[in-house]
There are 4 protein chains.
Amino acid sequence: MRVIARRGMTAATMQEIAEEAGVAKGTIYLYFKDRDALVDKTFERAITELLKRIDAALATEGTFEQKLRASLVAKFSYFQEHREFFRLYHALRYPEGKRRTQKQYDEQLARMASMIEDAMQSGEIRRMDSKRLALIITEAISAVMIRRVVEENPPPVSADIDLLMDTILDGIRSHS
Amino acid sequence: MRVIARRGMTAATMQEIAEEAGVAKGTIYLYFKDRDALVDKTFERAITELLKRIDAALATEGTFEQKLRASLVAKFSYFQEHREFFRLYHALRYPEGKRRTQKQYDEQLARMASMIEDAMQSGEIRRMDSKRLALIITEAISAVMIRRVVEENPPPVSADIDLLMDTILDGIRSHS
Amino acid sequence: MRVIARRGMTAATMQEIAEEAGVAKGTIYLYFKDRDALVDKTFERAITELLKRIDAALATEGTFEQKLRASLVAKFSYFQEHREFFRLYHALRYPEGKRRTQKQYDEQLARMASMIEDAMQSGEIRRMDSKRLALIITEAISAVMIRRVVEENPPPVSADIDLLMDTILDGIRSHS
Amino acid sequence: MRVIARRGMTAATMQEIAEEAGVAKGTIYLYFKDRDALVDKTFERAITELLKRIDAALATEGTFEQKLRASLVAKFSYFQEHREFFRLYHALRYPEGKRRTQKQYDEQLARMASMIEDAMQSGEIRRMDSKRLALIITEAISAVMIRRVVEENPPPVSADIDLLMDTILDGIRSHS
DNA sequence: CATGAATGAGAATTCATTCAT
DNA sequence: AATGAATGAATTCTCATTCAT
């Protein structure tokens, strides 16, 4: 995970992975059929943990706003702990050499869309294309989160979360 | 450009690039110092054209809303013409193997931020962190645009543009 | 034996041998110094059984013709039982990577040559180079026997044995 | 060819082949897709030359005896020139694994069988199973020829040829 | 200018062998 | 005695780069 996150999916070598893992090159092949399998499995594992956290947040009781904020907190804290994974998350969306998005990413979008529809039903948010909204919200959040990872001195997490919630819910237009 | 866009920055081989260009491998080295230079220059060239269009849109007279919409139209129409480049644009943000973002990306963000500040000054939009807003808006737009590229039957461009403008300006909260 | 016969002396892996034997890889090294020793010993064992049968046939009382036929029957019936070993027998003659023939093969040839000399002495067969004759006869027999192993529907054993005896003893020339 | 003949089909390494050929490892891959292709093609090439010579001998006018002797001379002189190939010829018959390079060998046997049938027709040799005879004769010849390659001081070629012709045509039985 | 054959450093993969349990 | 996880040397293969033509 660390090596792939650091070097990227193509540049990571079996040698470096072995060294980082503290085993010999050959040992890796006892656990993964080949390099491809290793990358795939590693990728899946890294992302599964994140999605589990986000789903847990979305599953809590409360208003849409509360759930959205909770999922946002989950995402931010995950990357706070695993700064290196931002590149994996990045690749999740449009993996090299494939035109399709990753299944897990699409599933997460679908869950977000369904939550949005519920909120529309309850009148909490306006009626709009739920799938597109899910995409826009997810990526807006990711953008800030990924940016934080590479920033020397990012603002407090709460500031970014508040800004995102504020922008998503009320837009940027002035209402004076 | 085509090969790099198709295969990705790491997977593109000099052989395939030469074939697509209709020249011999060696010939490439008459025009580029090495593979790195080729990738960098190609990347820059692909992106410069896009940024030029966006900047032109931003430079027009009018309200913030008008300029934002114009830049959005520019971006969408560019990728309508160059579907394959979405992967390059993708890489623009966090190039493999580097922790830094690409200079051009940061510059574009800065221009957007300064436009946002002008709009805040004029009272057109609320006072918020302009840099973060620039990031959020840019990425929300990119998310939809990139998604369109891989969609079989994307909705009409105007629908996506309207949705984005609407969401960015007014948020998703219901005001009944 | 089975694995080496099936895969060949070079392609057989310790892993597959261990699996077929129902033991762990490491266990093999309690019984054989290394892979080379295993292959050599296995080879020897497989061939010793065959040579014992042939020698028994040659040791019976009777005319040269009777003894030759008996040894032929022994050889054919052995490979009838152990079809997979033909590849081992094949390697017996000119082992890969060595220029020398296998000792046991040479010894068998020598025994055959001495039997031929006895038959010359007794006037049963013509005076010719006994060593070359032993070689020619042995290989002619092997050729048919090996061919039988790979044939879908080989002719009856007796037909092949009769043909070989006939050809060896009387040649192919017409005497009409 | 030389390396494969010397080391065997499995033990020959790309490194040694490259060195013997006086090129770099990578260069080989410009001419052969992979190791397998190299071995197959090399093998085929080595054998084609031999079979061409034998066929030329068989195609001459004359009695069966004359043609057989001519083909025998061809075979002996080929291996006189290319001593190292005996191992390739050896492998031709029952290649490790189950490669189908065997085809050329089978074709040659078929040609020999058809020549034998002609000789039976003309009454020059006795009526017997022509396919089995072709096999027996071919392998008897090969046996002597291969043995010559590994012998320190082989007898004169003519002696071996005479012995083979004599044995094949008239058998070993005494007619006193 | 252009070529493309040749290069060789570097990466992935295999497998005989070891050794702590 | 037996195990099998771990090792790493050896091998195949890729591809950016060079250079004689």
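Within every chain, numbering begins at 1; the chains are lettered A, B, ... in the order of the sequence lines, protein sequences first and strands thereafter.
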Inset, instruction - Nearest-nucleotide wise, let me know which of D:D34 and A:T27 is further upstream toward the 5' end of DNA chain F. - result: A:T27
Legend entry - 5' priority, DNA chain E, between A:K33 and D:L30 [closest heavy atom]: D:L30
Inset, instruction - Indicate whether any N or O donor in one side chain lies under 3.5 Å from an N or O acceptor in the other, for D:E19 and D:Q15. - result: yes
Legend entry - Options E:dG8, E:dA16, F:dC13, nucleotide nearest the side-chain atoms of C:M14: E:dA16
Inset, instruction - From the options A:K52, A:M145, A:E49, select the one residue that forms a side-chain contact (heavy atoms from CB on, under 4.5 Å) with A:Y78. - result: A:E49
Legend entry - Between C1' of E:dA5 and CZ of D:F32, the distance in whole Å: 15 Å
Legend entry - Paired nucleotide for E:dA12 [Watson-Crick or G-U wobble; both distances under 3.5 Å]: F:dT11
Inset, instruction - Calculate the interatomic distance between C:Q15 atom CD and F:dT3 atom P; express it in whole Å. - result: 12 Å
Inset, instruction - Provide the closest heavy-atom pair for B:Q104 versus B:T48 in the form atom of the first, atom of the second, distance. - result: NE2-OG1, 3.3 Å
Legend entry - Contact nearer the 5' end of DNA chain E, comparing B:G26 with C:K25: B:G26
Inset, instruction - Write down the partner of E:dA20 under the Watson-Crick or G-U wobble criteria, each distance required to be under 3.5 Å. - result: F:dT3
Inset, instruction - Can you figure out which of E:dA16, E:dG10, E:dA6 approaches the side chain of C:Y29 most closely? - result: E:dA16
Legend entry - Selected nucleotide, minimal atom distance to A:R35 side chain, candidates E:dC1, E:dA12, E:dT7: E:dA12
Inset, instruction - Would you mind reading off the distance between C:I28 atom CD1 and F:dT3 atom C1', rounded to a whole angstrom? - result: 12 Å
Legend entry - Separation of E:dA11 C1' from A:L38 CG (nearest whole Å): 14 Å
Inset, instruction - Decide whether B:S142 and A:E139 meet the rule of one side-chain donor and one side-chain acceptor closer than 3.5 Å. - result: no
Legend entry - Closest to side chain of C:Y31, choosing from F:dA1, E:dG4, F:dT18: F:dA1
